[in-house]
Structures are given as C-alpha cells and as structure tokens.
Amino acid sequence: MQTGVSTGTTSGAPTVTTTPKMAQRIGVPKEIFPGEKRVATIPEVVEKLIKLGFQVSVESGAGDAANMSDEAYRTVGATVVADAAQLWASSDIVFKVRAPTADEVALMREGSTLISFIWPAQNPELMQQFAARQVTVLAIDALPRMLSRAQKMDALTSMAGVTGYRAVIEAANAFGRFFNGQITAAGKVPPAKVFIAGAGVAGLAAIGTAAGLGAIVRANDTRAEVADQVTSLGGEFVKVEYAEEGGGGGGYAKVMSEGFQKAQREMYAKQAKEVDIIITTALIPGKPAPKLITAEMVRSMKPGSVIVDMAAEQGGNCELTEPGQAVVKHGVTIVGYTDLASRLSKQSSTLYATNLFRLTEELCKTKDGVIDVNMEDDAIRGLTVVKQGSITWPAPAPKLPPAPAAAAKPAAAPAAKKGHGHGAPSEPMAGNKLAIMFGVSAALFWFVGANAPAAFLAHFTVFVLACFVGYMVVWNVKPALHTPLMSVTNAISSIIAIGALVQIAPPFAEVVNRPDGWIRGLAAAGIVLTAINMFGGFAVTQRMLAMFRK
C-alpha cells in the first residue's frame, strides 16, 4: 500500500491516508523465433491471472499457431494489442517461451520483469543486455528441481514429457512398418525394436509411448536408479558392464569417465545392429550434447531404420545429425528436429502456461496483482538470474531439509545360551550330540515297528513324513508370503476334513464302545481344528483381496 499525508483536519493533526497499489500488467508477446508455435499463456490461465488481481495484455496473433484466437483471449478479459512495441512498453511483467532477442530486450521497460526460458550459461551476452536495461529476469529453466514444492513450476519437465512423446510419433512416421507385431492373412509382421538412450523425463515418456504402441522397448541410462522406472513402463533396461554411478544431482546425469564411455559405446554399437529405431535424449545443461551414436554405428543399422536425436539443438547425440532437419544417410533416417515441443503446440502451451501460473501464485501470495521477488525463497532465488539490473546467476545451492537423525542403536542383547533364546541363531550341533539324537530316534522307530500293528505303522510313517515335509515347506517360505500361503493351505485342510469325516462316519455314541474309539476322537478334533483353519484362511484372504479393490 502507498501512503500519503494530509493536514487539513479539524484537530490540526496530520492524517495518514493510504492508496492501493496499481495492479501490474502481464504482457504476452508473439513468439518470433522461426518455427515456434507455442504461446506463453492460454485463455483459461488468463482468467485465473485476472482473479489474482493482474491485468493481462496479449499481442494479436500470439496464440494463432496454438489454435487460440484473439477473440478467445478477449472473452476472458485480456486486452489484445496489435503492436509488439506497445505491448513491451506497457507491460510490468512479460511472459515468454523462447529467450528474447536483442531487439526485444531493447523494447523492455526499465524496472520490468521477464519470465521465460533464458539458458543463462549459454547466453552470457543476453545477460549483460538485461543488466543494462535494469530489469529483473526469472529463468524458468534455472528452477531448483530438487525442491519438491517446485515441481508444479517445473516447465522443463513439462516440455520434456511432450518432446519424448513427440519423438516416438516422429519415429513412427519415418518408420516403414507397424510398431506392434501382427499376424495377418498376408503374412507376419514382427514388432519394431526401439532403443532409447537416456531415461530421464523425456526418455521415460518415449518408453511409455513406444511400449503403448506395441514395440519391443529397450533403454539405458547412466543412473542405475531409473532401471525400475524403465521396467515399470514396459521397457527392458540394458545395463553397461562398467561399475560407475551417473547421478549428477538436480535430476540430471553427470559426465562419465572415459572407461564408462568406452563400455557404453560398445553397448550402443551392439544395439544399433539389432534395433530398428534409436531415440537419444542425453543432454547436460550448459554443455554440448555428448556424441553417443557414431557414423560407424549408423552404417551398421538395418536399411530403413530411424534415429530421432532429441539433443539436436545442442549439437546432437549422433555424429550425422543435422539440427532442424530430417535426413537420410546410409539408408537410415536421422530426425534432428529442434522444435518437438512446438509440434504439439496446444498441449505444450497449456502445460507451460500452467507452470507460469503456479509461479505467479508464489510471486503474488497476497493476490493483489503485484509480484514480490523474494530472494529469501529458495525456489524464487534459484529462478532469479537478474535482479533490478544486477546479475544474480548462478544462485547458491538451495537449503535442503536436514536428513533425519539416525535412530539410536538398541543395546546389544546378551548372548543367548546354547539351545535357548527365541530368535537367536542356532549353533551347529556337535557331532556326538547328532549321533546320539539319531540313535535315540532309530531305537524309537524300531520299538514302534516291532510292536505296533501293520496298519498303524503305515499311517504313522505317512504322519511322520507329512510333518517333515510340512515343516520344511512352511519354514522356508518368506514371511511376506505367509498370508497367501494360509489361503493356499485351505485345499490341504479340505483333504484332512474329508479323511476325518470318513473315520467318524458312524454315530458318535458308538465311538467310546468301539476299539477304534481313539481314532474317531482324534478325527473329531481334527474336523474342529481344520474348520477353524479353513474359515480363518478364507477370512484372511477376503481381507487381503479387499486391500487391492478401489
């Protein structure tokens, strides 16, 4: 709030009056980069920005390539401006997709704020131009991605997901067969084999898309932790036979050692001979794209194969890539388009506009149409590369929450005596004790065999074997499988119940008066225990299945 002082009061004391701040105007210019079809905000998001208190101006035709007309912006309350210079001059905040050109920087008003992709490491001259104009610049590509609350503003992830999907579509367009295998009256069509180098956000999106189309998908990444993600999306993780971890922090991979790179090239050379399509996604911000696919590998690929190089804008992962072009070399189509996200302009614009809106919410928590670039906020500090003419990039590492304190180790339990203590590891039995035990067991079995009836001996033998087998089977099952095992044993319990019913068939009144009364008594007890086991097993199974129902 602005304050002013007035002295015309009856008491003679000055009166402090307040005047509200003027709502800031957000300007959305038309992208002038060749082939760029995206727009920085969409009508649905304009409506939300106005509710935050902002005024919004859009250059005429800014959304045409993304199927968003000027009339759609006017309908939700935006002002459509015909002249680009007027838009830049009248805007307090400018939303853009591509980094501005030198001519566009010259149009910026002193003290205004720009939010866009900037890539400060690759554009040092542009940073100096911003500083000379005394503006504030927030680079959406500099967002600290390791902060969990920054995910809603992560435009890099949004665009990477779009480019990964589009890369597979471009590959399918250039490929001469189906992705999925088919058996038709005209013959059998084998499924396409796709290899994806790099399993970051773009790579995972490509894996999911290719697997959804029915292809056999393989993938590799220097970060071992993504193997499970590759598998969960329907792909096969191809491991490099070299022990080195490739996590570089911030969600990116690091530059690997020469030994790892050599082993990786050998693996890529093998895959190039086997697969039909290769999609490369390897890129480290601020560095040229690593060369993963050599000309020799391209020559070894089958005629009609396809390479989609998603790192073409930074030089490409393939030695034969021509940025911005799709070329055929050695019978292989190499797609080096640098505008994959722009080729899905409506979807990309929607996601990007949502990311900028979430950022605007963080900048304008008071919802009064005025942003506050709070340099104490780790996420905002990381984004801010120029503050009122002063270059603030690179930002210091954000303060991550402290790691949880390690739990105190419990006091060591006193050593259990031999043969005692539940859960204590058993010691190997001495040879003389083992011999004694076997000797006593053999004597007991001889005594039973010499004195018991033949029928009893047969049943007793089956009983002993059943106890032994049952003990060994149950004892070697992992605890995690005990509940499913209880369900499976219902089948065995039903066999026991049938046998007991056969033994107890005559009326119970006759049991005590017959020679086999004890057998029937045990059968009755067996039926009771088995019934408890069976009903309990079904109840546990029902509860277990309920856990997986929506």
Side-chain angles (χ1 to χ4, degrees), residues 145 151 154 156-175 177-182 190-240 245-248 251-253 256 264 267-284 289-290 292-293 297 301-302 305-313 316-318 321 332-337 340-341 343-344 347-348 351:
R145 303 173 77 184
Q151 293 177 2
D154 190 357
L156 280 174
T157 294
S158 298
M159 297 302 101
V162 174
T163 56
Y165 173 88
R166 184 68 191 195
V168 176
I169 301 304
E170 294 294 340
N173 181 57
F175 190 50
R177 291 204 326 260
F178 300 133
F179 260 47
N180 63 322
Q182 295 187 16
K193 294 181 180 179
V194 180
F195 177 72
I196 297 172
V201 176
L204 292 173
I207 292 168
T209 305
L213 290 174
I216 296 174
V217 184
R218 304 169 184 170
N220 168 261
D221 196 278
T222 57
R223 296 160 292 186
E225 67 269 16
V226 304
D228 290 339
Q229 300 175 37
V230 171
T231 304
S232 67
L233 289 170
E236 175 193 351
F237 188 78
V238 183
K239 188 177 179 180
V240 176
E245 173 54 38
Y252 298 104
M256 306 301 287
Q264 187 183 51
M267 183 269 290
Y268 284 161
K270 180 180 178 182
Q271 293 298 322
K273 296 176 182 179
E274 297 178 1
V275 301
D276 304 299
I277 296 169
I278 296 177
I279 298 175
T280 65
T281 70
L283 192 61
I284 300 175
L292 305 179
I293 309 299
M297 294 180 195
M301 295 182 72
K302 292 174 283 189
S305 298
V306 178
I307 297 174
V308 180
D309 193 340
M310 295 176 62
E313 194 165 1
N317 297 136
C318 176
T321 296
V332 177
T333 302
I334 304 173
V335 179
Y337 296 147
L340 289 173
R343 288 170 179 258
L344 284 171
Q347 183 66 75
S348 299
L351 295 174

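If you read the sequence from its start, that first residue is 1, and numbering goes on from there. As the structure is a computational prediction, the values presented were derived from the model and not from experiment.
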Taking only distance into account, with no hydrogens and no angle test, what donor-acceptor pairs under 3.5 Å do side-chain atoms of residues 272-281 form with protein atoms, sequence neighbours excluded?
{"residue": "Glu274", "atom": "OE1", "partner": "Arg218", "partner atom": "NH1", "Å": "2.8"}
{"residue": "Asp276", "atom": "OD1", "partner": "Lys302", "partner atom": "NZ", "Å": "3.0"}
{"residue": "Asp276", "atom": "OD2", "partner": "Lys193", "partner atom": "N", "Å": "2.9"}
{"residue": "Thr280", "atom": "OG1", "partner": "Asp309", "partner atom": "OD1", "Å": "3.1"}
{"residue": "Thr280", "atom": "OG1", "partner": "Asn317", "partner atom": "OD1", "Å": "3.2"}
{"residue": "Thr281", "atom": "OG1", "partner": "Ala197", "partner atom": "O", "Å": "3.0"}
{"residue": "Thr281", "atom": "OG1", "partner": "Gly198", "partner atom": "O", "Å": "3.1"}

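Of all non-hydrogen atoms in Ala311 and Leu283, the two that sit nearest each other are CB-CD1, 4.3 Å. Pairing each heavy atom of Val230 with each of Ala199, the nearest pair is CG2-CB, 3.8 Å. When every heavy atom of Ala211 is checked against every heavy atom of Val217, the shortest pair comes out as N-CG2, 3.6 Å. Val308 and Ala171 get closest at one heavy-atom pair: CG2-CB, 3.7 Å. Nearest approach of Val194 to Ala215, heavy atoms of both residues: CG2-CB, 3.8 Å. When all heavy atoms of Gly316 and Ala289 are compared, the closest pair comes out as O-CB, 3.6 Å.
Ser305 places no side-chain N or O within donor-acceptor distance of the main-chain N or O of Met301, the cut-off being under 3.5 Å.
Atoms CG and CE, on Asp154 and Met159 in that order, are 10.0 Å from each other to the nearest 0.5 Å. Note that CZ of Arg343 and OG of Ser348 are 12.0 Å apart. Values are rounded to the nearest 0.5 Å. The line from CD of Glu236 to CD1 of Ile196 is 12.5 Å long, rounded to the nearest 0.5 Å. Here the straight-line distance linking atom CZ of Phe237 with atom CG of Asn220 works out to 5.5 Å at 0.5 Å rounding. Rounding to the nearest 0.5 Å gives a distance of 8.0 Å between CD of Gln151 and OG1 of Thr157. Atom OG1 of Thr321 is separated from atom CD of Glu313 by 13.0 Å, given to the nearest 0.5 angstrom.
Within 6.0 Å of the OH atom in Tyr165, the count of heavy atoms belonging to other residues, nucleotides or ligands does not exceed 12.
In this structure, the side chains of Leu340 and Met310 come closer than 4.5 Å at one or more pairs of heavy atoms. In this structure the side chain of Phe175 never reaches within 4.5 angstrom of the side chain of Thr333, judged on heavy atoms. Counting only heavy atoms from C-beta outward, the side chains of Arg177 and Pro191 never approach each other to under 4.5 Å. Contact annotation: the side chain of Asn180 approaches that of Gln182 to within less than 4.5 Å [non-hydrogen atoms, C-beta and beyond]. Using a 4.5 Å heavy-atom threshold, the side chains of Val332 and Ile307 count as touching.
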After noting the C-alpha distance and the side-chain angles of Phe178 and Leu213, does the key distance pass the side chain to side chain contact (heavy atoms under 4.5 Å, CB included) rule?
CA-CA 9 Å; Phe178 300 133; Leu213 290 174; over 6 Å; no
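The ring-ring contact (aromatic ring centres under 6.0 Å, His included) contacts involving residues 194-231 comprise Phe195-Tyr268, where partners must be two or more places apart or lie in separate chains.
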